[in-house]
Amino acid sequence: MALHIYDTATRGVREFQPVRSGTASIYLCGATVQAVPHIGHVRSGVNYDVLRRWLSFQGNDVLFVRNVTDIDDKILAKATAAGRPWWEWAETHERAFDSAYDSLGCLPPSYSPRATGHVTQMVELMRRLIDAGHAYARNGDVYFDVRSFPDYGALSGQRMDDVQQGETAATGKRDHRDFTLWKSAKPGEPSWPTPWGAGRPGWHLECSAMATTYLGGEFDIHGGGIDLIFPHHENERAQSNAAGDGFARYWPHNAWITMAGEKMSKSLGNVVSIPAMLERVRAPELRYYMVAPHYRSTIEYSEAALAEAVSAYRRIESFLHRVAGRLGSVEPGALCAEFTEAMDDDLGTPKALATVHNAVREGNAALDSSDDAAALGAAASVRAMTGVLGLDPLSDKWSDSSTVDNAPRQALSTLVDELLEERQRARAERDFALADTVRDRLTSAGIAVEDTPDGPLWTLKDG
RNA sequence: GGCGGAGUGGCCGAGUGGUUAGGCAGGGGCCUGCAAAGCCCCCGACGCGGGUUCGAUUCCUGCCUCCGCCUCCA
């Protein structure tokens, strides 16, 4: 089975057939960089990172473009309120997003275009729309004429007559449902010159301009959160199709992470920032939490569920450490067939992880029965499968050796090994009181000791 | 008002017209000086009422509850 992916436009799963065979082009609506990212924002990044990795793994040459909206009402308002230049405000938060994506193991995009760098392309797109009779200028604003495009509403399933109202601010519209392509300059606000007057981009226009600039008039996948279906993606599609571009072939949308049943928003005060979370759990554990449910299912955030994700991830991790400790290095091997099948079915990560856990159990059993070949095979498979999900505990990104300073670790290792030798001597002499005292000392220092057939193994607790 | 999503065992979370999701927790066992880890077994579920069917959690229908979008939003 080839990859099948959900398409909001058709309300169903369809086989992925790229515009150009052997390549995959993805445009993801990235952040409006007006505040620090929370876990909801990063879920989108992580979900599409998994899609991108899966397409790459299957041999596609993937182009992954994730934009940055670096000019909009909120950025201007917040920067003004903070007494800072708008461009500094945007840049500061863009860095915060980049850092959050990176810390969760999202591969960097092929390119991350900024809205302010693509005014030329936006002007050209407006020119085409006006020439074709799909847009009009009024007092320096430029609007898309919704009634000129009969297919408007097809993506989101909206019926024209039932759309309650459009953007509130605009005044020069022919129809209240028309949306703004370009906003005329207001005193004190940044602006760029156009044939219709100075102004700044309307939100929807920039994505069409940037997507087609880098991915072509027709490309494969356009993603984002479910809230973007209407009006943002509806409008993007309308303006691009009206201009004569085929635009995106597939429109998947990821669901929310909610808090106590409500979407996260700063006004509700229920935002969990990424740095705050990473003080409590390790990055791959948080990533596991976001990858384990299906991307189209709402995640109801809870401490207990997060703790379960931590346990589940550690089960996988400790299996790989077990095998590596006993049998030496483990290289990524072949995927289980069920894993491929699950991933091909609209990125069925829950089933895919079930496959991983089955392999872990079988691998542990093989280890217990000293079937080294089977254990190694299972471990290789687990590395490959978790690698596709960006969760491979032995990858350079997540293995402890790459994140912990080597010299301190060496020093610690020397001291711990001496204590463990002392404990082993005590055990050999059946002086268990002394042995347990040594173990208790290590435990209280945050070092867990496990006895294995190959001798004691120590790990730092709570990574 | 329009459009869309969801209600699964103690918890998280998939899925299917009849036969094992997976994880976490709980009970029993093996292993271990003890512990931890691991393995084996067990426990148990499909919001409510109708209908279709040999059989429905899975299809149809009515109802209840919750959530999202329609202004900016991952």
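These numbers come from a predicted model, not from an experiment. In what follows, chains carry the letters A, B, and so on, assigned in the order in which the sequence lines appear, proteins first and then strands, with residues in each chain numbered from 1.
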Look at all strands and tell whether [X] reaches a base, only sugar-phosphate, or nothing, counting heavy atoms closer than 4.0 Å.
| X | result |
| --- | --- |
| A:Arg43 | nothing |
| A:Leu228 | sugar-phosphate |
| A:Asp436 | base |
| A:Val356 | nothing |
| A:Ser302 | nothing |
| A:Arg315 | sugar-phosphate |
| A:Arg439 | base |
| A:His294 | sugar-phosphate |
| A:Ala354 | base |
| A:Arg326 | nothing |
| A:Ser156 | sugar-phosphate |

Work out how far the [atom1] atom of [N] is from that of [M], and round it to whole angstrom.
| N | M | atom1 | result |
| --- | --- | --- | --- |
| B:A6 | B:A14 | P | 10 Å |
| B:G47 | B:A56 | P | 15 Å |
| B:U16 | B:U58 | C1' | 6 Å |
| B:C64 | B:C46 | P | 22 Å |
| B:G10 | B:G50 | P | 23 Å |
| B:C69 | B:C54 | C1' | 44 Å |
| B:A35 | B:G26 | P | 15 Å |
| B:C48 | B:U8 | P | 10 Å |

[options]: which one has an atom nearest the side-chain heavy atoms of [X]?
| X | options | answer |
| --- | --- | --- |
| A:Glu450 | B:A37, B:C34, B:G4 | B:A37 |
| A:Arg11 | B:A14, B:G4, B:A74 | B:G4 |
| A:Ala305 | B:C12, B:G2, B:A14 | B:C12 |
| A:Lys74 | B:G33, B:C72, B:G4 | B:C72 |
| A:Pro231 | B:G4, B:C72, B:C34 | B:C72 |

Measure [atom1]/[X] against [atom2]/[N] and give the value in whole Å, please.
| X | N | atom1 | atom2 | value |
| --- | --- | --- | --- | --- |
| A:Met343 | B:G15 | CE | P | 14 Å |
| A:Arg177 | B:C3 | CZ | C1' | 15 Å |
| A:Gln424 | B:U32 | CD | P | 15 Å |
| A:Glu341 | B:U16 | CD | C1' | 14 Å |
| A:Asp72 | B:A74 | CG | P | 10 Å |
| A:Tyr288 | B:C12 | OH | C1' | 10 Å |
| A:Trp251 | B:G4 | CH2 | P | 18 Å |
| A:Asp368 | B:G29 | CG | P | 19 Å |

Side-chain donor/acceptor of [X] to base of [N], under 3.5 Å:
| X | N | answer |
| --- | --- | --- |
| A:Asp451 | B:C34 | yes |
| A:Asn358 | B:G22 | no |
| A:Arg430 | B:G33 | no |

Does a side-chain N or O from [X] land closer than 4.0 Å to OP1 or OP2 of [N], or not?
| X | N | result |
| --- | --- | --- |
| A:Asn364 | B:C39 | yes |
| A:Arg322 | B:G38 | no |
| A:His357 | B:G22 | no |
| A:Ser297 | B:A14 | yes |

Centres of the [X] and [Y] rings: under 6.0 Å?
| X | Y | result |
| --- | --- | --- |
| A:His233 | A:His253 | yes |
| A:Tyr143 | A:Phe179 | no |
| A:His38 | A:Tyr301 | no |

Query raised in the report: Nearest 0.5 Å, what's the CH2-CH2 distance between A:Trp182 and A:Trp192?
Result: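 Rounded to the nearest 0.5 Å, the CH2-CH2 separation comes out at 7.0 Å.
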Requested in this report: Considering only NZ, NE, NH1 and NH2 on the basic side and carboxylate oxygens on the acidic side, decide whether A:Arg296 and A:Asp346 come within less than 4.0 Å.
Outcome: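 Salt bridge flag = yes for A:Asp346 with A:Arg296.
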Query raised in the report: When you match A:His41 and A:Glu308 each to their closest nucleotide on RNA chain B, which lands nearer the 5' end?
Result: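 Nearer the 5' end of the strand: A:Glu308.
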Report task. Hey, which sits more toward the 5' end of RNA chain B by its nearest nucleotide, A:Val449 or A:Ala312? Result -> A:Ala312
Query raised in the report: So, A:Arg14 side chain and A:Tyr6 main chain: donor-acceptor pair closer than 3.5 Å or not?
Result: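 No.
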Query raised in the report: Does A:Ser184 offer a backbone N or O that forms a donor-acceptor pair with the side chain of A:Asp141 under 3.5 Å?
Result: yes
Query - Secondary structure string for RNA chain B (Watson-Crick or G-U under 3.5 angstrom, | for other-strand pairs) - result: (((((((..(((.....[...))).(((((.......)))))....(((((..]....))))))))))))....
Would you please say whether a donor-acceptor pair under 3.5 Å links the side chains of [X] and [Y]?
| X | Y | result |
| --- | --- | --- |
| A:Thr355 | A:Glu338 | no |
| A:Asp72 | A:Thr32 | no |
| A:Tyr152 | A:Asn235 | yes |
| A:Asn364 | A:Arg361 | no |

